[in-house]
Amino acid sequence: MGFFERVYEIVRKIPKGKVATYGQIARMAGEPRKAKIVGWALHQNPYQGDVPCHRVVNRHGELAGGFAFGGREVQKDLLIKEGIIFDANEKINLGIYLWSSKEENINS
DNA sequence: TTCATGACTAATT
DNA sequence: AAATTAGCCATGA
């Protein structure tokens with residue numbers, strides 16, 4: 001299984017109402033320095049519809065910005081429907097919604 | 001094959 | 001505190 005597949009596995013496991021950061025995912029995948037590659041993986045996202053890429057945000061809890069599967073308004077809407085609330089800065093409160101699994105990572 | 005770019009992050013200025 | 005630099009490496013031209 002390549003790094004991409006691993007990323008998809010992890011993102012797929014993000015529970016509803018939670019979010020994860022690129023760096024965190026990269027770290028969970030065992031490659032802390034490939035945060036950017038995680039971005040690429042989601043950019044391609046061949047499993048769109050199965051992999052909730054809208055639950056992946058940058059380290060500040062803000063949306064990818066610019067483009068992301070259709071527009072950040074869409075992403076924002078999806079997240080709100082999952083119970084995630086944005087603050088006045090259009091950011092997610094990572095202290096509450098950041099997905100801290102550690103145990104639920106890829107089952108080796 | 002080499003070069004530039006990017007849905008990133010951390011450290012340095 | 002904000003801007004820049006540096007590191008990572010897959011992808012496309």
Side-chain angles (χ1 to χ4, degrees):
Chain A
M1 179 187 287
F3 179 69
F4 277 37
E5 302 272 336
R6 212 162 357 186
V7 169
Y8 302 134
E9 280 288 310
I10 294 171
V11 175
R12 200 178 315 186
K13 289 177 179 173
I14 300 177
K16 181 181 179 182
K18 291 283 183 174
V19 299
T21 69
Y22 298 97
Q24 181 173 20
I25 291 171
R27 210 164 26 210
M28 289 169 69
E31 299 289 350
R33 315 210 146 96
K34 296 189 177 178
K36 193 172 291 187
I37 313 305
V38 172
W40 269 107
L42 294 181
H43 182 196
Q44 312 221 349
N45 193 14
Y47 301 96
Q48 188 172 14
D50 187 27
V51 176
C53 50
H54 56 274
R55 294 188 190 135
V56 183
V57 297
N58 65 16
R59 74 184 182 86
H60 282 300
E62 46 192 12
L63 305 185
F67 74 101
F69 63 81
R72 58 184 176 197
E73 283 305 318
V74 178
Q75 182 173 12
K76 180 180 174 184
D77 189 51
L78 285 171
L79 292 174
I80 289 177
K81 285 178 179 173
E82 298 189 350
I84 295 174
I85 305 302
F86 286 74
D87 64 18
N89 296 316
E90 303 270 303
K91 292 183 183 177
I92 293 172
N93 186 331
L94 293 180
I96 299 175
Y97 303 110
L98 180 60
W99 177 46
S100 44
S101 69
K102 295 181 181 176
E103 312 296 311
E104 314 218 24
N105 59 20
I106 35 192
N107 40 30
S108 51

- Task: Select from Arg27(A) and Leu42(A) the residue whose nearest nucleotide in DNA chain B is closer to the 5' end of that strand.
- Result: Leu42(A)

- Message: Measuring only between side-chain heavy atoms, which start at C-beta, is Val51(A) closer than 4.5 Å to Leu42(A)?
- Response: yes

- Message: So, using ring pair (Phe, Tyr, Trp, His ring centres under 6.0 Å) as the criterion, who are the partners of Tyr8(A) when residues are at least two apart?
- Response: Tyr47(A)

Restricting to nitrogen or oxygen on both sides, can you table the protein-nucleotides 7-13 of chain C pairs closer than 3.5 Å?
| unit_1 | atom_1 | unit_2 | atom_2 | d |
| --- | --- | --- | --- | --- |
| dG7(C) | O6 | Lys36(A) | NZ | 3.4 |

- Provide the closest heavy-atom pair for Gln75(A) versus Val56(A) in the form atom of the first, atom of the second, distance. NE2-O, 3.7 Å

- Can you name the nearest heavy-atom pair linking Leu94(A) to Arg59(A), along with the distance? CD1-O, 3.2 Å

- Could you give all pairs that pass the salt bridge (Lys or Arg N to Asp or Glu O under 4.0 Å) test and reach residues 81-96 of chain A, with sequence neighbours left out? Arg55(A)-Glu82(A), Glu62(A)-Lys91(A), Lys76(A)-Glu90(A), Asp77(A)-Lys81(A)

- Query: Starting at CD of Gln24(A) and ending at P of dA7(B), how long is that distance when rounded to a whole Å?
  - Reply: 21 Å

